[in-house]
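Worksheet: one structure, shown below.
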Amino acid sequence: MSTPKNFPARPVSWFSVGMVFLGFAVFLLVVKYAYLAHLPAAPYAIAPENLPADQAWKATPADRKAYLGELRAKEQTQVNSYGWVDQSKGIVRLPISRAMELTVQELSAKQPARTNPTSTSSR
């Protein structure tokens with residue numbers, strides 16, 4: 001077996017180093033202007049006064065908290081009240097407690113009467 005020959009280190013030219021940095025800089029510019037320029041701005045990065053009306057609740061943490069409170073109050077009202085979902089189709093909204101009562105009644109009417117096997121056994 002032969003031992004590897006030690007070659008003396010060659011100096012790196014400044015031109016090569018400069019070209020590598022220039023290539024990297026061109027790559028970053030292409031990424032910035034070709035890719036990142038087409039991404040929509042994040043809602044938190046837009047000034048609150050420039051947000052569309054349907055996204056105004058995203059403006060600040062206080063706005064989001066107020067919107068969530070309003071949304072939960074609206075949901076509670078809908079869960080506990082009667083109302084029309086689609087009047088033309090005859091679809092109504094019932095309070096959950098009443099819907100559960102009606103479901104239990106419907107299911108118990110479908111099941112046959114059960115007999116207790118211990119009380120009807122004959123010995």
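Hydrogens, waters and symmetry mates are skipped; everything else that's a heavy atom, side chains included, is used. The shown structure was predicted, so the numbers you read here are calculated from the model rather than taken from an experiment.
Legend: salt bridge (charged side-chain N to carboxylate O under 4.0 Å, His left out) pairs involving residues 96-105, not counting sequence neighbours, sorted by first then second residue: Arg98-Glu101.
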When the side chains of residues 78-85 are checked against the rest of the protein, which donor-acceptor pairs come out under 3.5 Å, sequence neighbours left out?
| unit_1 | atom_1 | unit_2 | atom_2 | d |
| --- | --- | --- | --- | --- |
| Asn80 | ND2 | Gln76 | O | 3.2 |
| Asn80 | ND2 | Gln76 | OE1 | 3.3 |
| Ser81 | OG | Thr77 | O | 2.7 |

Donor-acceptor list for residues 10-22 side chains, cut-off 3.5 Å, not counting sequence neighbours:
| unit_1 | atom_1 | unit_2 | atom_2 | d |
| --- | --- | --- | --- | --- |
| Ser13 | OG | Ser16 | N | 3.2 |
| Ser13 | OG | Ser16 | OG | 2.9 |

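Every residue two or more places apart in sequence or in another chain was checked for a salt bridge (Lys or Arg N to Asp or Glu O under 4.0 Å) with Glu75, and none qualifies. Residues forming a salt bridge (Lys or Arg N to Asp or Glu O under 4.0 Å) with Lys32 (at least two apart in sequence, or on another chain): none.
With a 4.5 Å cut-off between side-chain heavy atoms of Ile, Leu, Val, Met, Phe, Trp and Tyr, the cluster of Val104 takes in none.
Look at Glu70 and Lys74 and you find no salt bridge, because none of the NZ, NE, NH1 or NH2 atoms lies under 4.0 Å from a carboxylate O.
Atom OG1 of Thr103 and atom CG of Leu94 lie 9.0 Å apart (nearest 0.5 Å).
In this structure, the side chains of Arg72 and Leu68 come closer than 4.5 Å at one or more pairs of heavy atoms.
Dense packing is recorded around CD1 of Ile91, with more than 12 heavy atoms of other residues, nucleotides or ligands lying under 6.0 Å away.
Leu29 and Phe24 fall into different hydrophobic clusters, where Ile, Leu, Val, Met, Phe, Trp and Tyr residues are linked whenever their side-chain heavy atoms come under 4.5 Å apart, directly or through other members.
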